[in-house]
Amino acid sequence: MSLGRASVLIGAGTIVSRLTGFVRTVVLVTAIGSVNSRAADAFTVANQLPNNIYAIISTGILTAVIVPQIVKASTDPDGGRRFISKLFTLGTVVMVVTTAIAVVAAPWLVQLYAKNFTADQLALATAFAYWCLPQLFFYGLYALVGETQNARRIFGPYTWAPIVNNVISIAGFLIFIALFGGDITGVEEWTPQMIAVLGGTATLGIIVQSGVLLAFWRRTGIRLRPDFHWRGIGLRHIGRLAGWTFLMVLAGQLAGLVQTQIVSAASGDGASIAVIANAWLIFMLPYSIIVLSIGTPYYTELSAHAHAGRDDDVRADIGRSIRTLGLFIIVAAAALAVAAVPASRIFTNSAEDAIAAAGVLLCFLVGLIPLALLFVIQRTFYAYNDVVRPFAFTLVQCVLVVITALVASWAVAADLLPLSQLAAATALGQSLAGIIQLIVAAWLLQRRLGGLAYGSWMLSLGRFALAAIPAAGVGWLTFQLLGGVDGWTVSDKFLGALGAAVIGVVVLVVYAGFLALLRAPELDTAMRLVRRFLPGRG
């Protein structure tokens, strides 16, 4: 499969997945009530626990270690079948043990993340956690199967399977609303039956998502069998790589833990954990659609070039992927910035809540473009089996995230910052830390490759930024003409989605027009990708 076709397949699946995910979150907000409520924060903490541990499994060990190893093993006489069987057996054992420990430790995990919760709020979050933590095993299975398929250049199922999860969750949350009503914000209102339906629905969706992915395993051409003879698969080498990666992701999780603990102080009094989670969901929409859909196929190809020692091709891959990512991610950042209020209204129950959530989203958006560039640079290190340098620049970022969060907390305690702005200040600190992380990472990669050919892509990024400025201005004017914060785009969830879409289209059209005036050669790349989405094309 070509990079273009793979990017479009992943991008189309990601768009549908994110759209259904948006609907899922809207229905969830309707069921559980205001994102500023204590009940919403309790469910968010519990449902994020398996995601946090899954991040260690997927973003860390799998992406950094397993994909390059599978690509390398594919050159073996048996096509890597023996290696993958051993790997899956080992991975399954690890996931079962990890999930069991996490479920037993549920009360302590909840307290760790939400030390500022009230006693009733802690009890509710713990009850939710018992239902949500079994997701861990199925998240790990989904990641292991999906990353293996990606390494074998089978990109579609991994991207499309989450759609089934979203559909099941939407149905389950609607059943919850039918049975118990919606807007249940009070902690004391929750019964064991309510907790079981809501938490069980969230876990059922992940179970089915994993099952769907397994249904497509035959395409890999690999016949799996349990193999506990783990000698010969390079456990020492994999362990060394995974050890550094584990420490790297663990540092990120510890930084996130500090953030959650600090922001939980605002629970019930302003933007807090649930608001940050939903703002991050909006922030990740362009990242997922653009960065993952384009970057994932490039990463597989880049790994092959790195394994062959073709550094010139790697540098070309870096420049090509950054130019393509930048073309789309810069306009996405501009569009989301000017449409922040209507976009936030999708996940809130009032215009006032939307304005508060938009502030958090804007602070996250400061780091969107740096995060996209970091994706390419970080995975280039992974392609060379280098996890030490990523650990170094990630540790820098984590330390800065913790420091900025502590500064925000101190500012609130000293009455220099209102409690309602604590979440926004924490998000801004994370973005600033990400910018510094990118600078350090690029410097280290330049030393590793003997140059990054900055001129091949920095000029393009500057051109994109120049076109995005007037596009954002026209988008902001459009928002004001539609009534601004008092207009129809902020009056309802679905009207918020419509308003954000209208503003986004305006920004995109103006952006494309200015790029045409600037004679940007990257427009041809964009048009080829767009044509691939059309029926009968590609």
Side-chain angles (χ1 to χ4, degrees), residues 28 32-57 97-137 139-140 184-192 194-196 198-200 202-203 206 246-247 249-278 280 398 401-406 408-410 412-413 419 422-423 426-427 429-430:
L28 175 61
I32 206 170
S34 171
V35 290
N36 286 335
S37 73
R38 298 186 188 278
D41 287 335
F43 177 77
T44 301
V45 166
N47 200 41
Q48 280 185 340
L49 285 176
N51 285 275
N52 292 339
I53 304 174
Y54 164 70
I56 299 174
I57 299 172
V97 172
T98 303
T99 303
I101 293 173
V103 171
V104 172
W108 295 278
L109 289 173
V110 170
Q111 290 180 11
L112 188 63
Y113 276 87
K115 65 176 184 178
N116 292 311
F117 276 8
T118 63
D120 289 345
Q121 201 175 8
L122 281 172
L124 179 59
T126 302
F128 277 130
Y130 281 123
W131 282 98
C132 294
L133 279 169
Q135 297 172 20
L136 256 177
F137 173 78
Y139 268 132
I184 308 173
T185 59
V187 172
E188 70 284 350
E189 299 178 61
W190 285 82
T191 66
M194 293 177 180
I195 295 169
L198 196 69
T203 298
I206 303 301
F246 176 80
L247 290 175
V249 182
L250 182 61
Q253 290 300 310
L254 289 175
L257 169 62
V258 173
Q259 281 185 320
T260 303
Q261 287 181 338
I262 289 174
V263 174
S264 68
S267 182
D269 298 311
S272 186
I273 298 171
V275 172
I276 276 192
N278 287 331
W280 185 257
C398 292
V401 165
V402 170
I403 291 174
T404 54
L406 291 173
S409 179
W410 169 82
V412 170
L419 185 61
L422 178 59
T426 303
Q430 179 169 322

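Position 1 is the first residue of the sequence; numbering continues from there.
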At their closest point, which heavy atom of Ile32 faces which heavy atom of Ala39, and how far apart are they?
-> CD1-O, 3.8 Å

Which atom of Ser264 lies closest to which atom of Lys115, heavy atoms considered = OG-N, 4.5 Å

For the residue pair Tyr113 and Thr260, what are the closest heavy atoms and their distance?
-> O-CG2, 3.2 Å

side-chain contact (heavy atoms from CB on, under 4.5 Å) evaluation trace for Thr118 with Val187 = CA-CA 10 Å; Thr118 63; Val187 172; 5.6 Å; no

Going by heavy atoms in the side chains, are Glu188 and Asp120 under 4.5 Å from each other?
-> no

Atom of Gln121, atom of Ala42 and distance for their closest heavy-atom approach = O-CB, 3.9 Å

Closest approach of Thr404 and Gln430, non-hydrogen atoms and distance?
-> OG1-N, 4.2 Å

Sub-3.5 Å donor-acceptor pair from the side chain of Asn116 to the main-chain atoms of Ile262, do we have one?
-> no

Which atom names give the shortest non-hydrogen contact between Ala102 and Leu109, and what distance separates them?
-> O-CD1, 3.7 Å

Taking distance alone, no hydrogens or angles, what donor-acceptor pairs closer than 3.5 Å link side-chain atoms of residues 124-137 to residues at least two apart or in another chain?
unit_1: Thr126; atom_1: OG1; unit_2: Leu122; atom_2: O; d: 2.8
unit_1: Gln135; atom_1: NE2; unit_2: Asn47; atom_2: OD1; d: 3.3
unit_1: Gln135; atom_1: NE2; unit_2: Thr203; atom_2: OG1; d: 3.3

Would you call Leu257 and Gln261 a side-chain contact if the rule is heavy atoms closer than 4.5 Å?
-> yes

With sequence neighbours left out, what residues match Leu419 under side-chain contact (heavy atoms from CB on, under 4.5 Å)?
-> Ala266, Asp269, Val412, Leu422

